[in-house]
Amino acid sequence: IASAHGWADCVVLLSDLGADLEAADSSGARPLHSAAASGHADVVRVLESRGCGLDALTNDGATAAYVAAGNGCDEVVRLLGELGANMDLPTTDGWTPAQIAHEMGFTKVLHALSDVVVANLNSSVQTRGPAAEATSAAAAAAPPPAKSLPPPPTGFTHVDVNFGEG
């Protein structure tokens with residue numbers, strides 16, 4: 001309840017008193033999911049600092065990033081990405097945070113996801129040396145291996161999103 005309402009100080013107190021911050025309800029949702037779904041970035045930061053796993057799954061395979069994206073919580077999506085959450089884990093139905101944000105028309109969430117991808121790419125490039133860059137350039141020149149893509153999630157429809165709006 002404290003995480004869903006954004007009561008970060010209460011979450012800290014409960015943690016200090018020994019509460020299990022990874023306890024799941026009957027749907028598998030944990031306090032991190034509740035905070036993410038409600039847009040409480042401060043609580044997400046507290047839970048992460050107290051050791052909560054950022055990629056914990058509900059019974060339906062939803063991560064905190066997925067529920068934040070599905071509820072239009074762009075600030076939380078961005079924070080989870082910065083903290084190292086996997087932004088591409090699909091639900092059991094095959095939906096990713098980007099797909100649900102796209103389907104719901106949450107352009108700010110799509111911008112946040114894009115920012116996380118760019119930041120991760122920039123970080124990757126900055127931590128590697130010139131030799132690694134040469135190897136990456138050679139690998140990029142090679143054609144990608146063939147792979148089959150899974151069918152789109154049930155109920156998924158294409159929605160055109162104009163990134164200049166929203």
Side-chain angles (χ1 to χ4, degrees), residues 1-123 150-166:
I1 293 175
S3 60
H5 288 286
W7 301 334
D9 291 341
C10 188
V11 172
V12 169
L13 177 62
L14 289 167
S15 176
D16 290 346
L17 293 173
D20 181 2
L21 298 180
E22 293 275 16
D25 66 16
S26 61
S27 71
R30 292 163 174 76
L32 183 65
H33 293 96
S34 298
S38 302
H40 298 299
D42 53 339
V43 175
V44 169
R45 191 175 296 280
V46 167
L47 291 167
E48 187 273 338
S49 73
R50 299 286 172 135
C52 289
L54 297 176
D55 296 326
L57 303 174
T58 65
N59 297 346
D60 295 330
T63 61
Y66 178 85
V67 297
N71 284 286
C73 302
D74 56 294
E75 181 183 347
V76 172
V77 168
R78 184 174 278 108
L79 174 61
L80 287 165
E82 290 170 0
L83 293 173
N86 184 335
M87 306 306 279
D88 295 322
L89 284 176
T91 63
T92 55
D93 291 334
W95 286 69
T96 65
Q99 288 172 312
I100 190 65
H102 187 245
E103 179 72 9
M104 301 299 291
F106 294 134
T107 57
K108 288 183 180 181
V109 172
L110 293 170
H111 283 285
L113 288 164
S114 171
D115 292 346
V116 167
V117 169
V118 170
N120 288 341
L121 287 173
N122 287 339
S123 174
T154 305
F156 183 79
T157 55
H158 177 74
V159 177
D160 288 322
V161 176
N162 182 343
F163 287 97
E165 298 178 357

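- For the pair Ile1 and Trp7, the minimum side-chain heavy-atom distance is below 4.5 Å.
- The heavy-atom pair separating Ser3 from Leu47 by the smallest distance is CB-CD1, 4.4 Å.
- Between Gly28 and Asn59, the shortest heavy-atom contact is CA-OD1, 3.5 Å.
- Minimum interatomic distance between Ala41 and Leu79 (heavy atoms only, all atoms of both residues): O-CD2, 3.3 Å.
- A distance of 14.5 Å separates CZ in Arg50 from CG in Leu32, rounded to the nearest 0.5 Å.
- Under the 3.5 Å distance criterion, the side-chain polar atoms of Ser38 are left unmatched by any main-chain donor or acceptor of His40.
- Looking at every heavy atom in both residues, Ala35 comes nearest to Val43 through CB-CG1, 3.6 Å.
- Put simply, CG on Leu14 and CG on Asp16 are 9.0 Å apart, with the number rounded to the nearest 0.5 Å.
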Listed pairs under 3.5 Å, donor-acceptor, residues 63-74 side chains, sequence neighbours left out:
from  : atom 1 : to    : atom 2 : distance (Å)
Thr63 : OG1    : Ala65 : N      : 3.4
Thr63 : OG1    : Tyr66 : N      : 3.1
Asn71 : ND2    : Val67 : O      : 2.7

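- Other residues, nucleotides and ligands contribute more than 12 heavy atoms inside 6.0 Å of the CG atom of Asn120.
- A distance of 11.0 Å separates CG of Asp115 from CG of Leu110, quoted to the nearest 0.5 Å.
- At least one side-chain heavy atom of Leu121 sits under 4.5 Å from a side-chain heavy atom of Val117.
- Using a 4.5 Å heavy-atom threshold, the side chains of Glu48 and Leu80 count as separate.
- Between the Thr91 side chain and the Gly61 main chain, no donor and acceptor come within less than 3.5 Å of each other.
- Looking at His33, its side chain never comes within 3.5 Å of a backbone N or O of Ala24 through a donor-acceptor pair.
- A donor-acceptor pair under 3.5 Å is formed between the side chain of Glu22 and the backbone N or O of Gly53.
- At a threshold of 4.5 Å between non-hydrogen side-chain atoms, the residues Asp60 and Asp93 do not count as touching.
- Shortest non-hydrogen contact noted between Gly94 and Gln99 is O-OE1, 3.1 Å.
- The two residues Ala8 and Val46 make their nearest non-hydrogen contact at CB-CG2, 4.1 Å.
- Judged by distance alone, with hydrogens and angles left aside, the side-chain atoms of Asp25 form a donor-acceptor pair with the main-chain N or O of Ser27 at under 3.5 Å.
- Note that CZ of Arg78 is 13.0 Å distant from CG of Leu83, once rounded to the nearest 0.5 Å.
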